[in-house]
Amino acid sequence: MKMFASMKKVSVLSLAALLLVSSLTGCGGAKATPKENTQQASSNGNTQSGKSKVDTSKEVNLSMYLWGSASVDNAFVMETLNKRLKEKINATLEIKYIPWDAIATKYPLIFASGEAYDLVYTSITANPTYFSLAEKKAFQPLDELLPVYAPETWKKTPQDLWADAKFNGKIYGIPSRYTEYIPGGLIYRGDLLKKYGMKPLASLDDVQTYFENVLKNEKGMTPWMANSSKAADLYGMLVDFTGTWLKVPSVDISNMYLVANSKDDIKNVFHPAFSNEFLQFAKRMKEWSDKGFWSKDVLSTKNDPSTEFNSGKGAAYFHHAQGFVGWYGNLLQAQPNSDPQFFTFGDATKKVVKTRTMQNATAFSVNSKNVERSLMLVDLLMNNKEFYNLFHFGTEGRNYALNGDGKRVNPANFDARKNGYGQSGWNLRTDELEIQVATDYPERKSMNKQYDAFSIKDPFSNFNFDSKNVASELAAVNQVNSQIGVQILFGKAGDPEAAVESYRSKLKAAGIEKIIAEVKKQLENYQPVK
């Protein structure tokens with residue numbers, strides 16, 4: 001997945017590993033149409049007037065696709081869960097996992113094959129996206145089914161979230177109700193900040209001063225651990241620090257994305273490379289590179305920045321807010337006196353965008369014969385405390401325990417090799433039932449509250465860019481970004497003025513203006529959900 005959004009979520013193999021988290025083509029021949037399933041709901045199911053009961057007389061086995069892999073104690077937990085599901089809704093659940101390293105190839109095949117799965121993780125940042133799949137009629141429309149088969153979910157999900165889930169006026173997925181902020185930022189060492197007599201980082205100048213102090217005082221320590229894959233984060237830092245600019249999502253140009261002028265001027269789209277702000281940023285990055293803020297081999301090294309930071313070799317590295325929350329305990333364990341801190345770049349401009357509603361969601365195959373029972377399953381997993389805890393955390397006393405503060409810890413005599421469990425059901429999380437891990441960043445709630453005060457609802461929540469008319473231009477721009485864009489961001493392209501001029505010229509030759517024109521054309525009739 002791309003940049004933050006995407007933000008690959010770690011498959012949780014044990015409770016201890018929870019410290020690491022705090023995120024096509026055609027559909028094939030459909031076996032059941034939305035109309036057929038809606039009619040079945042009316043005849044078999046509980047009507048909104050409540051005159052008939054939901055029919056669960058036939059036992060069904062439901063299949064759900066999730067990203068990640070099974071935990072070591074997955075079989076035991078699923079056996080326990082299925083026993084309770086059979087008692088409650090006469091159904092069992094089979095989870096089919098798509099490994100993280102195979103998502104790009106295996107995820108699209110689910111929809112291309114016409115397979116009759118029942119439920120699937122979907123996202124606006126996945127490939128194919130939620131909206132593109134809804135457009136291709138891969139998913140079952142849910143408007144008439146939700147109040148009948150998932151009444152708690154229907155009631156508890158705010159109407160603005162349902163509005164965000166709509167494509168052409170219909171709901172095709174159930175969004176997570178878990179509040180997440182995932183703005184990019186810098187994880188750095190509070191113990192060093194104190195040593196230098198500095199206040200918490202709050203500007204780009206503060207970051208530079210911190211790095212200069214590291215170079216001056218910490219022998220053998222690199223100020224900023226990075227590799228070439230982090231160029232997108234540098235680009236995001238530029239955008240976050242610059243005025244009212246907002247990312248235009250769904251336009252894949254190797255993460256060096258287009259931006260809109262502001263949340264109130266979203267149809268004014270451009271590429272930052274053609275701005276003076278980009279040129280000045282390129283000059284600063286050349287200065288930072290020459291000073292030695294990152295390693296000389298930053299473009300070729302394969303070293304993992306977080307591992308290098310944890311080993312004490314680095315003073316900072318890129319991450320995002322939610323990742324910092326989950327990694328906090330791991331950071332402390334690796335460097336007990338480091339006092340890990342996080343600086344959100346968007347905090348400086350009071351510009352933090354809320355996670356888009358359909359970032360994590362559940363959809364139901366148009367080919368499924370069990371949409372009604374699948375909705376009943378989701379209603380239990382998202383709203384019933386017993387089922388929520390069992391699905392997400394496992395068995396209390398075996399896979400997790402609660403401390404005196406009601407937070408999750410490892411049980412006595414816990415053995416991660418036998419009892420490790422965690423479910424990558426990000427699409428089924430809710431604020432009201434989530435139990436925080438004891439080792440997560442303790443100020444998560446206050447951090448979210450701070451963001452709440454000035455956060456921006458993403459004006460592109462329902463925008464689904466169709467790239468088919470500019471596919472060759474996007475590929476050409478991606479090539480330009482890899483040839484010179486990344487080098488400019490890391491100050492490795494020589495004279496900044498000459499490099500930026502060359503970059504602009506190559507972008508034009510690759511077709512950036514045609515891409516921008518196509519985006520603007522598709523935005524003409526787009527109206528953001530308020």
Side-chain angles (χ1 to χ4, degrees), residues 2-4 6-7 184-188 201 203-215 218 220-242 245 247 252-259 271-309 313-320 343 345 477-507 510 512:
K2 309 173 188 68
M3 203 177 168
F4 316 135
S6 59
M7 281 137 328
L186 195 70
I187 293 178
Y188 65 97
L201 304 184
S203 69
L204 206 54
D205 288 338
D206 288 346
V207 173
Q208 179 163 329
T209 300
Y210 173 70
F211 288 166
E212 287 171 343
N213 278 325
V214 171
L215 282 177
E218 315 304 324
M221 182 180 288
T222 301
W224 198 330
M225 300 309 302
N227 55 39
S228 61
S229 71
K230 301 303 178 182
D233 296 299
L234 276 170
Y235 192 84
M237 184 173 77
L238 163 66
V239 173
D240 286 346
F241 271 121
T242 304
W245 290 1
K247 175 186 178 182
D252 180 13
I253 43 178
S254 292
N255 297 313
M256 295 182 195
Y257 41 77
L258 304 179
V259 300
H271 194 293
F274 295 90
S275 68
N276 182 58
E277 287 88 347
F278 184 87
L279 175 59
Q280 297 309 314
F281 187 76
K283 290 179 178 179
R284 182 178 283 229
M285 293 305 101
K286 177 66 166 62
E287 178 186 346
W288 284 18
S289 177
D290 291 345
K291 285 177 178 288
F293 284 179
W294 41 71
S295 65
K296 291 182 179 180
D297 63 347
V298 65
L299 297 179
S300 60
T301 182
K302 302 300 181 183
N303 291 341
D304 177 66
S306 61
T307 301
E308 297 291 287
F309 180 86
K313 295 179 181 179
Y317 73 103
F318 274 123
H319 215 317
H320 54 81
F343 172 37
F345 301 138
V477 167
N478 285 340
Q479 186 71 13
V480 172
N481 286 335
S482 66
Q483 289 175 343
I484 187 171
V486 171
Q487 288 82 350
I488 289 174
L489 291 171
F490 277 112
K492 300 293 185 181
D495 174 62
E497 295 216 12
V500 170
E501 183 179 352
S502 174
Y503 184 39
R504 291 169 176 173
S505 176
K506 291 178 183 297
L507 284 173
I512 191 65

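All values below were derived from every heavy atom in this structure, side-chain atoms included, with hydrogens, water molecules and symmetry-related copies excluded.
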S289 and K492: side chain to side chain contact (heavy atoms under 4.5 Å, CB included), yes or no, with the steps? CA-CA 7 Å; S289 177; K492 300 293 185 181; 3.3 Å; yes
Side chain proximity check, [X] to [Y], heavy atoms < 4.5 angstrom:
X	Y	value
L507	V477	yes
L186	W224	yes
D206	F343	no
M237	V207	no
L201	T209	no
H271	R504	no
I488	M285	no
L489	K230	no

Checking the side chain of [X] only, and the main-chain atoms of [Y] only, is there a donor and an acceptor separated by less than 3.5 Å?
X	Y	answer
S482	Q479	yes
N227	T301	no
T222	M225	no
Q487	I484	yes
D233	G184	no

With E287, which residues qualify under salt bridge (charged side-chain N to carboxylate O under 4.0 Å, His left out), at least two apart?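 Checked E287 against salt bridge (charged side-chain N to carboxylate O under 4.0 Å, His left out); zero matches.
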Name all residues meeting the salt bridge (charged side-chain N to carboxylate O under 4.0 Å, His left out) criterion together with K313; count only those two or more places apart in sequence or in a different chain, and write none if there are none.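 None.
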Please name all residues satisfying side-chain hydrogen bond (donor to acceptor under 3.5 Å, both in side chains) with [X], sequence neighbours left out, ordered by chain then number.
X	answer
S295	D297
E218	K195, Y196
E501	none
S505	none

Can you tell which of W288, Y210, F490 makes a ring-ring contact (aromatic ring centres under 6.0 Å, His included) with F293?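 Going through W288, Y210, F490 one by one, the ring-ring contact (aromatic ring centres under 6.0 Å, His included) with F293 is satisfied by W288 alone.
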Residue that, paired with Y317, satisfies ring-ring contact (aromatic ring centres under 6.0 Å, His included) out of F309, Y188, W294: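 The single option meeting the ring-ring contact (aromatic ring centres under 6.0 Å, His included) with Y317 is F309.
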Apply the side chain to side chain contact (heavy atoms under 4.5 Å, CB included) test between V239 and each candidate in F345, F281, Y257; give the one that qualifies.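 Testing V239 for a side chain to side chain contact (heavy atoms under 4.5 Å, CB included) against F345, F281, Y257 leaves exactly one candidate, Y257.
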Measure across P496 and L279 and return the closest heavy-atom pair with its distance rounded to 0.1 Å.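 Taking P496 first and L279 second, the nearest heavy atoms are O-CD1, 4.2 Å.
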To the nearest 0.5 Å, what is the distance between NE2 (H319) and CD1 (I187)?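 Rounded to the nearest 0.5 Å, the NE2-CD1 separation comes to 5.0 Å.
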With side chain to side chain contact (heavy atoms under 4.5 Å, CB included) as the test, would you mind laying out the steps for N255 and Y235 before giving the verdict? CA-CA 8 Å; N255 297 313; Y235 192 84; over 6 Å; no
